[in-house]
Amino acid sequence: MKTSENKSCTISVRCTEQEKQELKELSDKENMNLSHYIINTCLNSSVSDTKQNKVILRIYTLINQYDNQQISAKKFANKIRKVVNEYARD
């Protein structure tokens, strides 16, 4: 999404530290800086695509936490259920 226009506008967004980290991980996977990733995702994705990516990243993060013994098996299972239930409701 290269443009010859100068980028002179700024948009400020509030998020949690975890949301910022999740966005950074997604942008890194796409080899994009955070600004480019957010603009590209917002302009080229449907809401359902974005929700699916968020769910996948949340599950991926939980798996890493479990693998690194940061959370117990019980907590892991409960958090996975919560993510799936939230996604199913939407």
Just verifying a value: how many Å separate [X] [atom1] and [Y] [atom2], rounded to the nearest 0.5 Å?
X	Y	atom1	atom2	value
Ile63	Lys79	CD1	NZ	14.0 Å
Glu86	Lys51	CD	NZ	11.5 Å
Arg14	Glu19	CZ	CD	12.0 Å
Leu62	Ile80	CG	CD1	4.5 Å
Leu26	Thr41	CG	OG1	7.5 Å
Asn53	Arg58	CG	CZ	13.5 Å

Practice task
Decide whether Ile56 and Met32 are clustered together by the hydrophobic rule: side chain heavy atoms of Ile, Leu, Val, Met, Phe, Trp, Tyr closer than 4.5 Å, transitively.
Solution key: no
Exercise for the section: Consider only side-chain heavy atoms of I, L, V, M, F, W and Y, link residues closer than 4.5 Å, and tell whether Ile39 and Tyr37 are in one cluster. Expected result: no
Handout entry: By ring pair (Phe, Tyr, Trp, His ring centres under 6.0 Å) - contacts of Phe76 (at least two apart)
Key = Tyr66
Problem - Residue Lys82 excluded, over 12 heavy atoms near NZ under 6.0 Å - result: no
Is a side-chain donor or acceptor of [X] paired with a backbone partner of [Y] at a separation under 3.5 angstrom?
X	Y	result
Asn40	His36	no
Glu30	Ser27	no
Asn33	Ser35	yes

Exercise for the section: Decide yes or no on side chain to side chain contact (heavy atoms under 4.5 Å, CB included) for Leu57 and Tyr60, but give the supporting numbers first. Expected result: CA-CA 5 Å; Leu57 182 62; Tyr60 176 80; 4.2 Å; yes
Exercise for the section: Compare every heavy atom of Leu34 with every heavy atom of Lys24, then report the nearest pair and how far apart it is. Expected result: N-CD1, 3.9 Å
Problem - side chain to side chain contact (heavy atoms under 4.5 Å, CB included) evaluation trace for Tyr87 with Gln52 - result: CA-CA 8 Å; Tyr87 182 73; Gln52 288 173 347; 3.1 Å; yes
Handout entry: Stepwise side chain to side chain donor-acceptor pair (under 3.5 Å) test for Glu17 and Gln21
Key = CA-CA 6 Å; Glu17 190 61 39; Gln21 184 58 39; over 6 Å; no
